[in-house]
Amino acid sequence: MSKSAVITTRLDTETLNLVDQVAAAQGRSRADFAAEAIRRIAESESDMMAFLQKGIDAANRGELVPHDQVMAELDERIAAHQARCSR
């Protein structure tokens, strides 16, 4: 088993009650629920940071799309969506 560490944080009463309610409904302890929640948000944030870094790296290499081109493509998508919705 991998090493573990203890993290202490303060939660307002409403959040703590919600954590306890959801953890109990899932048959889990508060600690297990909190550990899973922290893991999930950390993975999500890490994925987002990697995604953004790809864009930053591309911009640094000069791989940019002109504003007018982006807006034209968005306008086309909006028009297509509006056409589908008005049928």
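For the numbers below, each heavy atom of this structure counts, side chains included, while hydrogens, waters and symmetry mates do not.
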Return a table of donor-acceptor pairs under 3.5 angstrom between the side chains of residues 48-58 and protein atoms on other chains or two or more places apart.
| from | atom 1 | to | atom 2 | distance (Å) |
| --- | --- | --- | --- | --- |
| Q53 | NE2 | D57 | OD1 | 2.7 |

Could you list the donor-acceptor pairs under 3.5 angstrom formed by side chains in residues 68-75, with sequence neighbours left out?
| from | atom 1 | to | atom 2 | distance (Å) |
| --- | --- | --- | --- | --- |
| Q69 | NE2 | E73 | OE2 | 3.2 |

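R28 is linked by a salt bridge (Lys or Arg N to Asp or Glu O under 4.0 Å) to nothing, counting only residues two or more places apart in sequence or in another chain. Looking at residues two or more places apart in sequence or on another chain, you find a side-chain hydrogen bond (donor to acceptor under 3.5 Å, both in side chains) between D32 and S29. For R39, the side-chain hydrogen bond (donor to acceptor under 3.5 Å, both in side chains) partners two or more places apart in sequence, or in a different chain, are E36, E43. Not a single side-chain contact (heavy atoms from CB on, under 4.5 Å) links I38 to another residue, sequence neighbours left out. Looking at residues two or more places apart in sequence or on another chain, you find a side-chain hydrogen bond (donor to acceptor under 3.5 Å, both in side chains) between E63 and R61. Taking E76 as the reference, nothing meets the salt bridge (Lys or Arg N to Asp or Glu O under 4.0 Å) condition, with sequence neighbours excluded.
Counting only residues at least two apart or in different chains, salt bridge (Lys or Arg N to Asp or Glu O under 4.0 Å) contacts with residues 8-24 comprise D20-R30. The salt bridge (Lys or Arg N to Asp or Glu O under 4.0 Å) pairs that include a residue from residues 78-87 number zero, where partners must be two or more places apart or lie in different chains.
As a member of the Ile/Leu/Val/Met/Phe/Trp/Tyr network built from side-chain separations under 4.5 Å, V22 groups with L18, V19, F33. Under a 4.5 Å side-chain heavy-atom criterion applied to ILVMFWY residues, the cluster that includes L16 comprises L11 as well.
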